[in-house]
Number of protein chains: 4
Amino acid sequence: MSNETVAADPPAPSTGRARNPRTHQAILDATVQLLGEVGYQDLSIERVASRAGVGKATIYRWWNSKSALVIEAMERGLPVELPEHTGDPRTDLRAAIQSAVQTYAVGQVGSTVPALAAEVSRDATGAEQLRQFLRPRRDAAREVLHQAAAVGTLPPDVDIETVIDLFIGAIFYRSLVRKLPVDAVMVEQLVELILDGRLPRTIP
Amino acid sequence: MSNETVAADPPAPSTGRARNPRTHQAILDATVQLLGEVGYQDLSIERVASRAGVGKATIYRWWNSKSALVIEAMERGLPVELPEHTGDPRTDLRAAIQSAVQTYAVGQVGSTVPALAAEVSRDATGAEQLRQFLRPRRDAAREVLHQAAAVGTLPPDVDIETVIDLFIGAIFYRSLVRKLPVDAVMVEQLVELILDGRLPRTIP
Amino acid sequence: MSNETVAADPPAPSTGRARNPRTHQAILDATVQLLGEVGYQDLSIERVASRAGVGKATIYRWWNSKSALVIEAMERGLPVELPEHTGDPRTDLRAAIQSAVQTYAVGQVGSTVPALAAEVSRDATGAEQLRQFLRPRRDAAREVLHQAAAVGTLPPDVDIETVIDLFIGAIFYRSLVRKLPVDAVMVEQLVELILDGRLPRTIP
Amino acid sequence: MSNETVAADPPAPSTGRARNPRTHQAILDATVQLLGEVGYQDLSIERVASRAGVGKATIYRWWNSKSALVIEAMERGLPVELPEHTGDPRTDLRAAIQSAVQTYAVGQVGSTVPALAAEVSRDATGAEQLRQFLRPRRDAAREVLHQAAAVGTLPPDVDIETVIDLFIGAIFYRSLVRKLPVDAVMVEQLVELILDGRLPRTIP
DNA sequence: ACGTAATCGAGACGGTACGTCAAGTCTTACT
DNA sequence: AGTAAGACTTGACGTACCGTCTCGATTACGT
């Protein structure tokens, strides 16, 4: 799993005063708070600084952009919490999909990821940082699908990456663009599509 | 089909000097140009105004936000061009999916839609305008799927809206977040998933 | 006395529809009202137009500047009202000075004249219009002083214009710059200065 | 004498980057220049900023209005320069009056003071700042008159403040409203009025 | 233990853009 | 023809943040 930070750590100086961990945490905390209060668009470095009781320059020293700051803040404030694999493909896939719903379709973070995605669309470094943040979730889903392919629940040559894109994309798009909630029914529809090849049906 | 404009037309005045169509077109043209040159994020009303040779106030008179302006500009600059229905579900669905790729995954517009979606996520009016813009594309896809269900190619109780979310979502997500091109292979994978219930396979 | 208008009457058209007196009066009335409500500085042509239920262009057709409009409005709304001359120099001079106090030191108008003076300081036409407005008051004072000189109350070679400047200036300056009220005491001091050559004394 | 500044100094911060004196001077210089070029009315903060090579916000940080800025600029660019008292009342009074002429009736400043007076007529703070600026001139005149009263040239109970209003007012009014030059003749008339109780006479 | 060097808060600074307001001109349609 | 309504360009307003830059004042090393 990824333990790397996305922060743009400046070259470690051989001597001098060390970076103050308290300050660092205060900045990340303030970022998470403001993200919840005003959302990504209206979050400004200036506000983070004053909320954290910190100079603006301190933030710029450690993060080179708003997106980098927010990504690290979400990483710390939103750790990946995946249940243990049970070995049952259906149960495990359902858990992976529900985890994706948490990431993409719930609360502040749900609306932050798309904003981030749009913002970094012209910035290669930022895009990579965002992918780093999303990777653990994707890794978890991949493991589940690999396992399912291994036990024969899925065809052996299934294109796992595209399958992942399918269900994350559906959740992402429905929540972000269509502004519809992603509920248990849809989760079940996705599970059935992937494991049974059964297209979603309307509920009679 | 939707012929409505998304522009925030101020109450139609019964009298007074008529709106100058040249001015209006110049604004929309400048918006489209700048969208291509600098992208949605860096597009500012100020730049649009100076590029169009127009006062800022004129823009604000007719559009109450950057998003409203951009949506109308895209609508005019990117008309829905769908091929005639052939009656063959596979051919028509492929065309609909390719049209979605054009909208969500190609060029400036591809990166504009997500930025718009993120921006209007806190603004009910803007969100509605965005949906108005996207509706014709969605309508076209719906018709194709209805037709397929009618002729028995799809099960009669298929949840068409969710199916649409599936393929648009996959295209959207792959292009925006994963920064991968959406090619003919993927289009074919989506067609087969929907019409044959066949999960995507890796190419040997 | 001056019966001329200061309005910038456009060249009288030989034919066509005549200037509408109702419209004209409504504009002047609205100007006087707004002058009282918001003062000269914050009076805008736009507000006058909407208050008068009139198009902006109509105002610009008949007056070429805010100052011209305001001057005419004051002329109509603030006619010179001088008491009959009694023949007694002291009484008549006191009346003339009190009239100057009314013009320069009381209410909205008091603060309008200096603003006008400042505004027209770079505009020869406007300056002339302002002088036209002030002339009747000055004429009245001059008559009184002439009379006083004729009957020997003032030396025959007194420089009447400068004497007028003295008392108007004192009133003007004290009210505008020093923001002090101009009361009966000061009026009396001015009368005594002019008629008796007695410098103002403090009140014991 | 008053050494106080009229600048609206924000609460002196105990910490933070110090105010840059170069920047400050550049703003005041630009203000004085523009005052001479376009006058008070057409002087805009925006122009001052661009002329001084400075951000608008920097100006607004230190001065809360155009009038405050202009007053301080005049203060620095137009220091009170009074000749030594000779002890001779006539000589000293003549010098004080000539100083008033300089302030109120000459050049850019002459037309700036009335504009300022008109502008601050609705603003108590601004009015006070203007009085602060004018105070040193008034103080000088007061001293002279006090001296004259002390040596018996003036009656002991003369109302010095009103006498000052008289001659400043005459100069102010004649220059601003009547647009007439204030020459040596008038200065002499004022001196004689005050010291000899002799009303101004026409020159034969 | 001490001096050195980097960190930190605070916030000044030159900018860009915001969204608003009014000025003064021009156009259209009504009366 | 005169007028109301109001579209339009222009330019300034005062505010918010941007990202960079000084300031002093504080630490925590390495010697």
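Chain letters run A, B, ... following the sequence lines, proteins first and then strands; every chain starts at 1.
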Check each residue of residues 28-46 of chain B for a non-hydrogen atom within less than 4.0 Å of any atom in DNA chain E, then write out the ones that pass by number, or none.
->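 By residue number: Ser44(B), Ile45(B), Glu46(B).
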Take the protein atom [atom1] of [X] and the nucleotide atom [atom2] of [N], then report the distance between them rounded to whole Å.
X	N	atom1	atom2	result
Trp63(D)	dG14(F)	CH2	P	15 Å
Arg22(B)	dT27(E)	CZ	P	11 Å
Ile59(D)	dG14(E)	CD1	C1'	11 Å
Lys66(B)	dG19(E)	NZ	P	9 Å
Asn64(B)	dC18(E)	CG	P	14 Å
Leu69(D)	dA12(F)	CG	P	15 Å

Once side chain to side chain donor-acceptor pair (under 3.5 Å) is applied, do any residues pair with [X], and if so which ones, sequence neighbours excluded?
X	result
Asp123(D)	none
Thr58(D)	none
Ser121(A)	none
Thr112(C)	none

Pair listing, side-chain hydrogen bond (donor to acceptor under 3.5 Å, both in side chains) test, anchored in residues 39-49 of chain C, at least two apart =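 side-chain hydrogen bond (donor to acceptor under 3.5 Å, both in side chains) check on residues 39-49 of chain C returns Tyr40(C)-Glu119(C).
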For the residue pair Leu35(C) and Met74(C), establish whether any side-chain heavy-atom pair is separated by less than 4.5 Å.
->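 Yes, their side chains come closer than 4.5 Å.
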Contact under 4.0 Å: [X] side-chain N or O vs [N] OP1/OP2:
X	N	result
Thr58(B)	dT9(F)	yes
Arg61(D)	dA12(E)	yes
Ser65(A)	dG19(F)	no
Trp62(C)	dT3(F)	yes

Nearest-nucleotide 5' precedence on DNA chain E, Arg47(B) against Val54(A) |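 Closer to the 5' end of DNA chain E: Val54(A).
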Within residues 112-121 of chain C: residues closer than 4.0 Å to DNA chain F (heavy atoms) |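 Output list: empty, so none.
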For [X], give me all partners under side chain to side chain contact (heavy atoms under 4.5 Å, CB included), at least two apart in sequence or on another chain.
X	result
Asn20(D)	Arg22(D), Thr23(D)
Ala26(B)	Ala52(B)
Val48(C)	Ile27(C), Ala30(C), Thr31(C), Leu34(C), Leu43(C), Ile59(C), Leu69(C)

Do we see a donor-acceptor contact under 3.5 Å between the side chains of Gln33(D) and Asp29(D)?
->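 Distance-only check fails for Gln33(D) and Asp29(D).
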Taking only residues two or more places apart in sequence or in another chain, which ones pass salt bridge (charged side-chain N to carboxylate O under 4.0 Å, His left out) with Arg122(A)?
->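 Once residues adjacent in sequence are excluded, Arg122(A) has no partner under the salt bridge (charged side-chain N to carboxylate O under 4.0 Å, His left out) criterion.
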Pairs under 3.5 Å (N/O, protein and nucleotides 20-23 of chain F):
unit_1  : atom_1 : unit_2   : atom_2 : d
dC21(F) : O2     : Arg17(D) : NH1    : 2.9

